[in-house]
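Per chain, numbering begins at 1; letters A, B, ... match sequence-line order.
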Amino acid sequence: MDNAKIAQQLENLASLLEFQGANPFRLKAYRTGAQVIRDSAQSIADAVASHEDLTAWVGVGKSVAQKCIELVQTGTMQQLVEIQKEVPPTVLDLLRVPNLGPKKAAVLFKELQIENLEQLKRACQQNEVQKLKGFAAKTQQAILDGIAIAEQANQRMRWDQADQVVDALRMHLQDVPMLKRLEFAGSYRRGKETVGDIDILVVSDDHTIVMDRLGSFPDLASTIVRGGTKMSIRLENGFQVDLRVVPEISFGAALQYFTGSQTHNVELRHRAKQQNLKINEWGVFQIGSPAELENNPSLDGWVAGKEEQDVYQSVSLPWIDPHLRENREEFAWADADQLPKLLELEDIRGDLHMHSTATDGKNTIREMIQAAQALGLQYIAITDHSQRVAVAGGLDETRLLKQWKEIDILNAELGTQFTVLKSIECDIRENGDMDLSDDVLAEADWVMASIHFGIKQSRQEITDRILGAIEHPSVSAISHPTGRLLNRRPAYEVDMAAVISHAKKYGKFLELNASSKRLDLNDIHLTHARQAGVRIVISTDAHSTDGLASMRYGIIQARRAGLTQQHVVNTRSWPEIKAMIGVPS
DNA sequence: GCCGTTTTCGGCCCGACTGTTTTCAGTCG
């Protein structure tokens, strides 16, 4: 059982206990434990096998440790099994309904035996819900509205989709009269691969005019709440947009607060408290000061809040990049004054994964070269599909060798200014064989190996296929190593810890596929690769000249994993990369 | 349930908004 599964079980346990009204701090403890376990590069299963003391991990105490041991050794958690006899797991669906939290859901379960969305909907329609104490007509209607939202796709947006919504909102809001500052916060600003809602932060002396403008956004479906400083709307596509209007003196504190993540903020405020300070969205305050009592930044006791870096500075921390704010390593780095200089788009010198019209790409090699040159790149690899990918017109050896002759001619034309690598995205067949002969692969400049078929195989089979490819002398990198498609297809079963250690041993690279639909590896796997010393290649997998712009999505993902220029191979010249392939890192 | 450079007990981040209320609980972020 891997860390993610263990974390999921702990979270389920916390949610079901919450339903039963358990001590909130106990739930917090389980959820903290789950996050620590999910983020850790070390396998819990391995730690249990070697009788390691799990309570040495901060956030894991006696109880969570015992549950981990039980899960690893037996595959189940008795306490979870027991509680599921009392509370059916389907009740967790109820918690996805906006306006319905654990307290109200528990009442509905207890009083009306409601276990799922279908039963809840019927109870509302039959006016059973509004008869309950603490519920009334408005609450019943709010639940009914919420069910419709929960039944909708209810997915998080991919970051690139959120980016488009943000652009539209910015265009709509930026010329509001008397608008002093406008910023987008939340998981969008943290660059998370998917975004749950959009958070807008505004400084203006006139709250009404800003909120009225948001209320006229063309894609608006409904206004959820509107108060003095806060407004929430729902868009036609179901997504929520939150607006906060704050005074100029509070902008930094509010930006920090609404950027999150929640666990990052909890840690920051915890540190503030130890220094007799309190941080909220209005600023940093001396505890017990008049301003703290009044929440009025103009009074004494206000310490900081105008700029985000002032907030961090007030608790003796350097400004921390939003991409790192997940309460993983950033505070330890900040304490040691070792925050990394994160990778930037300008650091990238080449793109080592793209397709041409020879297979399923939309542009010719010459067009891809021109587009790459326009972006300032020094080299590209044309990595068309191999023959196994028949639907894409994958290349057999004859066609591949012909393409390489074409590339020779182009390189002769280009001179020393730009280099096109003779490459291939070679499939790892279901039986573990490479899709092209060793002789042909040996002639390539650059070989990426990837899995497109047999993705339902067992964890062991898929892992073995990838480990075999890593060992192949001609393979340089494994592309989109987990095969996931965001919001569409989960990762296939693969032992990433084994892949990472094998890549290290054989000096091969792992790809961060920058396509906004993939972003594969994810931030956690990238972090583990960095910690293990495995080098990463970030590439676009472009199927057209436009696709080359996807590099920026990969940069954000890499930054979230704390990657710097030195962790990423294609920040180097091609000859430097070539010298690194197959050299254990 | 977890934690500790004030603590092995006593605290655990913090505030806005809504609805059902006579002063606050629930939900959300």
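- If you take atom P in B:dC12 and the same atom in B:dT18, they sit 28 Å apart, rounded to whole Å.
- Scanning all heavy atoms of the two residues, the minimum distance from A:Asp160 to A:Ser516 falls at OD2-OG, 3.1 Å.
- Look at NZ on A:Lys28: it is 12 Å from P on B:dC2, rounded to the nearest Å.
- The nucleotide whose nearest atom lies closest to any side-chain atom of A:Arg269 is, among B:dC13, B:dG26, B:dG15, B:dC13.
- Counting only heavy atoms from C-beta on, A:Ser63 has its side chain closest to B:dC2 among B:dT20, B:dC2, B:dG15.
- Comparing B:dG15, B:dG29, B:dT20 by their closest approach to the side chain of A:Thr139 singles out B:dT20.
- Side-chain atoms of A:Pro98 lie closest to B:dC28 of the nucleotides B:dC12, B:dC28, B:dT27.
- For A:Lys138, counting side-chain heavy atoms from C-beta on, the closest listed nucleotide (B:dG1, B:dC13, B:dT20) is B:dT20.
- With P as the reference atom, B:dC3 and B:dC13 are 14 Å apart, rounded to whole Å.
- Across B:dA16 and B:dT23, the matching P atoms stand 22 Å from one another, rounded to whole Å.
- A gap of 22 Å separates the P atoms of B:dC17 and B:dT21, to the nearest Å.
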* I would like to know whether A:Glu82 and A:Gln78 meet side chain to side chain donor-acceptor pair (under 3.5 Å); could you show each step before the answer? => CA-CA 6 Å; A:Glu82 291 298 325; A:Gln78 198 52 39; 3.1 Å; yes

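- Residue A:Val97 is classed as a sugar-phosphate contact, given heavy-atom separations below 4.0 Å to backbone atoms only.
- In terms of modelled atom types and a separation under 3.5 Å, the side chain of A:Ser314 and the main chain of A:Val311 share a donor-acceptor contact.
- Atom CD in A:Gln274 sits roughly 15 Å away from atom P in B:dC3 (whole-Å rounding).
- One C1' atom belongs to B:dT7, the other to B:dC2, and the distance between them is 14 Å to the nearest Å.
- Here A:Glu308 pairs with A:Arg189 in a salt bridge; the nearest charged N to carboxylate O distance falls below 4.0 Å.
- Nearest nucleotide to the A:Val225 side chain, out of B:dT18, B:dG1, B:dG26: B:dT18.
- Taking the side chain of A:Ala29 as heavy atoms from C-beta on, and the options B:dC2, B:dG29, B:dT27, the nearest nucleotide is B:dC2.
- Positionally, the nearest nucleotide of DNA chain B for A:Gln262 lies more toward the 5' end than for the other of A:Gly134 and A:Gln262.
- A:Gly260 comes within contact range of no nucleotide atom at all, as no heavy-atom separation falls under 4.0 Å.
- Within the nucleic acid shown, A:Tyr30 comes within 4.0 Å of sugar-phosphate atoms alone, with no base atom in reach, counting heavy atoms only.
- Across all strands, A:Gln140 comes closer than 4.0 Å to no nucleic acid atom at all (heavy-atom distances).
- With C1' as the reference atom, B:dG29 and B:dT22 are 29 Å apart, rounded to whole Å.
- Counting only heavy atoms from C-beta on, A:Lys62 has its side chain closest to B:dC2 among B:dG29, B:dC2, B:dC14.
- Salt bridge A:Lys121/A:Glu118: absent, no basic N to carboxylate O contact under 4.0 Å.
- Distance from the side chain of A:Lys273 is smallest to B:dC12 among B:dC12, B:dC17, B:dG29.
- Atom P of B:dG15 sits at a distance of 26 Å from the matching atom of B:dT20, rounded to the whole Å.
- At a threshold of 4.0 angstrom between heavy atoms, the contacts of A:Leu268 with the nucleic acid are absent.
- The CG atom of A:Leu94 sits 15 Å away from the C1' atom of B:dT27 (whole-angstrom rounding).
- Salt bridge A:Arg213/A:Asp175: present, at least one basic N to carboxylate O contact under 4.0 Å.
- In this structure, CZ of A:Arg234 is placed 11 Å from P of B:dC28, rounded to the nearest angstrom.
- A salt bridge links A:Glu18 with A:Arg31: at least one charged nitrogen is closer than 4.0 Å to a carboxylate oxygen.
- Protein atom CG of A:Leu27 is 17 Å distant from nucleotide atom P of B:dC12, rounded to whole Å.
- Note on A:Asn23: a base of the nucleic acid sits closer than 4.0 angstrom, heavy atoms only.
- At B:dC2, none of the side-chain N or O atoms of A:Trp57 fall inside 4.0 Å of OP1 or OP2 (strictly under the cut-off).
- Comparing A:Ile224 and A:Val266 by the nucleotide of DNA chain B whose heavy atom lies nearest to each, the residue mapping closer to the 5' end is A:Val266.
- The line from CZ of A:Arg156 to CD of A:Glu193 is 9.0 Å long, rounded to the nearest 0.5 Å.
- Between A:Asn276 atom CG and B:dT5 atom C1' there is a gap of 16 Å when expressed in whole angstrom units.
- Considering only the side chain of A:Thr229, B:dA16 comes nearest among B:dC14, B:dC2, B:dA16.
- Protein atom NZ of A:Lys278 is 10 Å distant from nucleotide atom C1' of B:dC13, rounded to whole Å.
- Taking atom CG of A:Leu100 as the reference point, atom C1' of B:dG26 lies 10 Å away to the nearest angstrom.
- B:dT8 makes up no base pair with any nucleotide shown, lacking Watson-Crick or G-U wobble contacts both under 3.5 Å.
- Residue-level contact check: A:Gly59 touches the backbone only, with heavy atoms under 4.0 Å from sugar-phosphate atoms and none from bases.
- Using a 4.0 Å cut-off, no side-chain N or O of A:Asn99 falls inside it from OP1 or OP2 of B:dT27.
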